[in-house]
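Just so it is clear, the values below take in all heavy atoms, side chains as well, and ignore hydrogens, waters and symmetry mates. Note that the structure is predicted; figures quoted are calculated from it, not measured.
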Amino acid sequence: MKILHTADWHIGKKLHKTELSEDFDLFIDWLCELLEKEQVELLLISGDVFDLANPSSEARKQYYRALIKLKRFDCKIILTGGNHDSPAMLDAPKEVLRELDIHIIGGLPESMEEVVIPVFGKEGQPELLVAALPFLRDSDLRSANDGITYEDRLEATRKGIQNCFIGAADLCRKEYPGIPVVAMGHLFAAGIETSESERDIQLGNQAAFEASRFGDHFSYIALGHIHKPQRVSAAVPAFYSGSPLPLSFSERKDEKRVLLIDTQTGWEPRSINIPSFRKLLKVSGNLEELRQKLQELSEEKELESLIEVELLEEQYDAVKLYDLDELVSNFNKPGYRIVKHRATFQKQRKGASEAYETGVALQDLKPKDVFLELIANHEYEEETRQEILTAFDEIMEEINQDENL
């Protein structure tokens, strides 16, 4: 049997106000081609189907369109909820979708039997079991009396996760002896590498789950939540497939992938890289370097490339901030768009409260004195300095006039 593992679709995600719906549609089209080419029989989606618990109507339409496309290839689909998902929203159409051989476990059901899903072979006999465990919330794991100290609560959370996986394994062993089991999970495992776009879960990620607690009954563990593809050190093959799309600039260098398991050859998955539909770029340097790097951009993708710009200067200078804003505003290169910019100065300017020695109260100083102190160390030409002071005087005059009205 061929099994494909993916996770963290985050349908409805926006990256700095940029909709990623086109990116997701292209991924689904590519995934459909892969299912057909590899003759995949089981598709696992391990949580965070949506980016928001209450997704927009457009995001929901995209979700159902994707499922319809994927089902054309006679592939069983099992989908679990993640920490971003609303269990009730995912579970609502489960009875209808089950008729299409699409199984949804949005939240942990009352009966553990419901998370164990048999996959039947061509002869009508169970060939594989899937323990489809969704994201486990605190209400699923701990009671109000589970520990007094913070460390007690962490351990109670870890123990609760362990009990769920061990309980599912025991049930599979009892009801379907000798049948291999694949587990699905959406959690934060100890020792893995994160990115900027995951949301902390289970006591701020402090209750990191040691992979040794999964036990050794499962043949493969299909994990979701961490967007960077990686292996987890467990007794059996356990992997984060990662998100199919880069969801933050910290993921711009990740090689996005899906994982394909062929049970005839074993349980070690084959990594299949997902094409890059849109480039995320970070451009940094001083003003001249930024201008040159932005001018030299040439590689174009199917979708518009998004750029994060960082100005790096030694000395704080308001004029350079203005020039940066002008550079960003006037940037116009087909196929590229700047969506974020910021400035970093090695010698950070002091705030007004730090500009004077201890014992000097700001309320005892005149505004002009404070302003002069703040710009004293800036490397302005004399003409520029005079223009700044003139502008300050004009602003103060307007303020005083307003106060006297």
Can you tell me if Asp170 has over 12 outside heavy atoms packed within less than 6.0 Å of its CG? yes
Give a yes or no on whether Glu255 atom CD has more than 12 heavy-atom contacts from other residues, nucleotides or ligands under 6.0 Å away. no
Is it true that Glu41 and Lys122 make a salt bridge, defined as a side-chain N closer than 4.0 Å to a carboxylate O? no
Give a yes or no on whether the ring-centroid distance for Phe27 and Phe277 is below 6.0 angstrom. no
Between CG on residue Asp23 and NZ on residue Lys301, distance to nearest 0.5 Å: 12.0 Å
Taking atom CG as the centre, does Asp216 end up with more than 12 heavy-atom neighbours from other residues, nucleotides or ligands that are less than 6.0 angstrom away? no
Does the pair Glu155/Arg213 count as a salt bridge with the N-to-O cut at 4.0 Å? yes
Shortest non-hydrogen contact from Phe345 toward Asp317: CE2-N, 3.8 Å
Nearest 0.5 Å, what's the CD-CE distance between Glu127 and Met1? 4.0 Å
Residue from Arg257, Lys228, Lys256, His10 passing side chain to side chain donor-acceptor pair (under 3.5 Å) with Ser243: Lys256
Side chain to side chain contact (heavy atoms under 4.5 Å, CB included) partner of Ile3, chosen from Ile78, Leu128, Leu260, Asp262: Leu128
At what distance, to the nearest 0.5 angstrom, does CD of Glu300 lie from NZ of Lys279? 13.0 Å
Ion pair present between Glu308 and Lys340, side-chain N to carboxylate O less than 4.0 angstrom? yes
Tested for side chain to side chain contact (heavy atoms under 4.5 Å, CB included) against Leu79, the lone hit among Leu43, Ile45, Leu97 is Ile45
Within a 6.0 Å radius of atom NZ on Lys94, are there more than 12 heavy atoms belonging to other residues, nucleotides or ligands? yes
Measure the spacing between CG of Leu20 and CZ of Arg278 and express it to the nearest 0.5 Å. 6.0 Å
Value rounded to 0.5 Å, distance of OG1 in Thr344 from CD in Gln346: 9.5 Å
May I ask you to check whether His16 and Phe249 place their ring centers less than 6.0 Å from one another? yes
Interatomic distance, CZ@Phe239 vs CH2@Trp267, rounded to 0.5 Å, equals 13.0 Å
Close side-chain approach of Asp393 to Lys368, heavy-atom, < 4.5 Å: yes
